[in-house]
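All values derive from a computational prediction rather than experimental measurement. Starting from 1, each residue takes its place in the sequence as its number.
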Amino acid sequence: MDDIATPRRTKEIIQRHGFSFKKSLGQNFLIDQNILNKIVAAAGLDETKGALEIGPGIGALTEKLARTADRVTAVEIDQRLLPILQEVLEPYSKVHVRHGDVLKLDLQEIFREDFAGLDKVSVVANLPYYVTTPILMRLLEEKLPLENIVVMIQKEVAERMAASPGTKNYGSLSIAVQYYSMPELVCVVPHTVFIPQPNVESAVIRLQVRETPAVQVQDEQHFFEVVQASFAQRRKTISNNLKSRFFTKENKDQLDPLLQQAGIEPSRRGETLSLEEFARLSDVLLAAGIS
C-alpha cells in the first residue's frame, strides 16, 4: 500500500471518510515524504526505542514511526480521526492509539504502561500551532524519561526556543526550553507540504532533553519568576523590570547592590543575560529574602 503522506493518498482517505478539517484544532496534514523522513531521522529512533506522537491526524508520521521504533503511542484529541487511524494503521501491531487531550492525560502513567522496559523514548509530532508552547513545557516540566522531542512547529516559535542571549528572539521561552533541553533547528518547512496550507512558516526543531537542568538553582519556581519579570518590558533595564515585580518604593534601593553581587550591571537588559547569570541572580535574590 502507498504511504499515507502523498497528496493523492491523503485526499483519498479524507474524502472516503468524509473528514472535514477543524480550524479550532489546528489540523494541517503533512503530505511530503522527505520532511517526514527528516523528522524521524532527527529523533534517532531504532528498534530498541519508543515514540510518543501527539496529534497523529490520519497517521502519516505514525506509520513512519511504526517502521522504525519498537513501540509507538499516538495521542489524538479528535474522536472523528479514530476510525481512520484504526484502518490505516491496522498493519502495524506495535502502534497504540489513545484518545484524549495530551494536556490532561496522565503522561507518567502512559510511559509506565506503554513503554515499560524501554530505556529511551522520544516525542515526535506535528504539533497544533495554537497549543505548541503549553504542550512542550508540560513535556519538559514533568521530567519524563525522554531522549528527544522532535516537533514541527511555527518557525517563529522554533527560532525563539533556539535563540542565543543578545538576539531579538531571545526571551523567557528560550530560557525555559534551554534550561531543560538543548534545542537545534533541523529544517525550515514550506507551507506547500501541508493540506490545508497554514498561513505561517514552519520548522522542525529537536530538543535533546538534558538529564539534569542546564543550571542548578536553589528554587526552580523562583528562578522562572525572576526570568519572567526580567522580560516583562523588553525595553526596560533588568533593574527597572525587577523593581516593578519584586520591590516596593521603600526597599527598591536594595536591588542594584544585589545585581552587582550577582555580577550583573543594573543597566543591562534581560535579553543579554545567560542562563548562568539568571541562575546566579535568582539565588542572590532568594538569599536576600526577595521572592
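No hydrogens or angles considered: nothing links the side chains of Y179 and R210 as a donor-acceptor pair under 3.5 Å. Side-chain contact check for E250 and T248: at least one donor-acceptor pair (N or O, by modelled atom type) lies under 3.5 Å. For the residue pair S244 and N241, no side-chain donor N or O sits within less than 3.5 Å of a side-chain acceptor on the partner.
Using a cut-off of 4.0 Å between Lys/Arg side-chain N and Asp/Glu carboxylate O, R67 and D3 are scored as salt-bridged. Ion pair R138/E142 flagged as a salt bridge, since at least one NZ, NE, NH1 or NH2 atom sits closer than 4.0 Å to an Asp/Glu carboxylate oxygen. Note on R280 versus E276: no salt bridge recorded, every NZ/NE/NH1/NH2 to OD/OE distance being 4.0 Å or above. Contact check on R9 versus E63 returns no salt bridge, with no Lys/Arg side-chain nitrogen under 4.0 Å from an Asp/Glu carboxylate oxygen. Remark: E271 does not engage K168 in a salt bridge, criterion side-chain N to carboxylate O under 4.0 Å.
Taken together through direct or relayed side-chain contacts under 4.5 Å among Ile, Leu, Val, Met, Phe, Trp and Tyr, L61 and I135 form parts of separate hydrophobic clusters. Hydrophobic cluster membership differs between Y170 and M182, with clusters built from Ile, Leu, Val, Met, Phe, Trp and Tyr side chains linked at under 4.5 angstrom. Using a 4.5 Å cut-off between side-chain heavy atoms of Ile, Leu, Val, Met, Phe, Trp and Tyr, with links allowed through other members, V150 and V123 fall into different hydrophobic clusters. Note on V97 and L127: separate hydrophobic clusters, where clusters join Ile, Leu, Val, Met, Phe, Trp and Tyr whose side-chain heavy atoms are under 4.5 Å apart, directly or indirectly. Linking Ile, Leu, Val, Met, Phe, Trp and Tyr whenever their side-chain heavy atoms come within less than 4.5 Å leaves V157 and V188 in two separate clusters.
Among L36, I35, N28, the one residue that satisfies the side chain to side chain contact (heavy atoms under 4.5 Å, CB included) test with M152 is I35.
The backbone N or O of K236 sits nowhere less than 3.5 Å from a side-chain atom of N240 that would complete a donor-acceptor pair. Checked by atom type and distance alone, the side chain of S174 pairs as donor or acceptor with a backbone atom of R160 at under 3.5 Å. A donor-acceptor contact shorter than 3.5 Å is absent between the side chain of T10 and the backbone of P7. Remark: side-chain polar atoms of N148 are paired, donor with acceptor, to backbone N or O of A43 under 3.5 angstrom. R71 places a side-chain N or O within 3.5 Å of a backbone atom of D114 that can act as its donor or acceptor partner. R98 contributes no side-chain N or O that, together with a main-chain N or O of I77, makes up a donor-acceptor pair within less than 3.5 Å. Judged purely by atom type and a 3.5 angstrom limit, K38 has no side-chain atom pairing as donor or acceptor with the backbone of V186. Side-chain atoms of Q233 never come within 3.5 Å of backbone atoms of R235 as a donor-acceptor pair (strictly under, hydrogens ignored).
The side-chain heavy atoms of F278 and L275, taken from C-beta on, include no pair separated by under 4.5 Å. The closest side-chain heavy-atom distance from E277 to R268 is below 4.5 Å. In this structure, the side chains of P196 and F21 come closer than 4.5 Å at one or more pairs of heavy atoms. Between V124 and I39, some side-chain heavy-atom pair lies under the 4.5 Å cut-off. Residues D78 and Q27 meet the side-chain proximity criterion, which asks for heavy atoms closer than 4.5 Å. Between L259 and S239 there is a side-chain heavy-atom pair separated by less than 4.5 Å. Considering only heavy atoms from C-beta on, V151 stays 4.5 Å or farther from N126 through its side chain. Side chains of P134 and V131 form a contact here, defined as non-hydrogen atoms less than 4.5 Å apart.
With a 6.0 Å radius and a threshold of 12 heavy atoms from other residues, nucleotides or ligands, E87 has its CD atom above the threshold. For K120, the NZ atom sits in a loose shell: 12 or fewer heavy atoms of surrounding residues, nucleotides or ligands are nearer than 6.0 Å. By the 6.0 Å contact criterion, NE2 on H191 is open, its count of non-hydrogen atoms from other residues, nucleotides or ligands being 12 or less.
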Could you list the donor-acceptor pairs under 3.5 angstrom formed between side-chain atoms of residues 221-229 and any protein atom two or more places apart in sequence or on another chain?
unit_1: Q221; atom_1: NE2; unit_2: E225; atom_2: OE2; d: 3.2
unit_1: H222; atom_1: ND1; unit_2: S282; atom_2: O; d: 3.4
unit_1: H222; atom_1: ND1; unit_2: S282; atom_2: OG; d: 3.1
unit_1: H222; atom_1: NE2; unit_2: I290; atom_2: O; d: 2.9

Show the atom names and distances, to 0.1 Å, of all donor-acceptor pairs under 3.5 Å that link a side chain in residues 44-59 to residues at least two apart or in another chain.
unit_1: D46; atom_1: OD1; unit_2: T48; atom_2: N; d: 2.8
unit_1: D46; atom_1: OD1; unit_2: T48; atom_2: OG1; d: 2.5
unit_1: K49; atom_1: NZ; unit_2: G44; atom_2: O; d: 2.9
unit_1: K49; atom_1: NZ; unit_2: E147; atom_2: OE1; d: 3.3
unit_1: K49; atom_1: NZ; unit_2: E147; atom_2: OE2; d: 3.4
unit_1: E53; atom_1: OE1; unit_2: T62; atom_2: OG1; d: 2.6

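Of the inter-residue distances, the one linking I195 atom CD1 with D32 atom CG reads 11.5 Å to the nearest 0.5 angstrom. Note that NZ of K249 is 13.5 Å distant from NZ of K243, once rounded to the nearest 0.5 Å. Here NZ of K22 is found 9.5 Å from CG of L81. Values are rounded to the nearest 0.5 Å. Atom CD in E12 sits 10.0 Å away from atom CD1 in I14 (nearest 0.5 Å). Rounded to the nearest 0.5 angstrom, E159 CD and L185 CG are separated by 6.5 Å.
Annotation for P145 and F111: closest pair CG-CD2, 3.7 Å, computed over non-hydrogen atoms. For I238 against P266, the heavy-atom pair with the smallest separation is CG2-O, 3.8 Å. Residues P257 and D253 share a closest heavy-atom pair of CD-O, 3.3 Å. Between I205 and A158 the shortest heavy-atom distance is CD1-O, 3.6 Å. Residues K143 and Y180 come closest through the heavy atom pair NZ-CE2, 3.9 Å. Between V177 and M137, the shortest heavy-atom contact is CG2-SD, 4.3 Å.
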Should Y129 and S202 be marked as a side-chain contact (heavy atoms from CB on, under 4.5 Å) after you check the CA-CA gap, both sets of side-chain angles, and the distance that decides it? CA-CA 9 Å; Y129 293 173; S202 305; 2.5 Å; yes
Given L140 and S181, is the side-chain contact (heavy atoms from CB on, under 4.5 Å) satisfied, shown in steps? CA-CA 8 Å; L140 293 169; S181 70; 4.2 Å; yes
As a quick check of understanding, evaluate side-chain contact (heavy atoms from CB on, under 4.5 Å) for L286 and S291, giving each step before the final call. CA-CA 6 Å; L286 196 64; S291 61; 4.2 Å; yes
Please assess Q197 against T192 for the test side-chain contact (heavy atoms from CB on, under 4.5 Å), listing each intermediate value before the final yes or no. CA-CA 6 Å; Q197 295 183 8; T192 53; 4.2 Å; yes
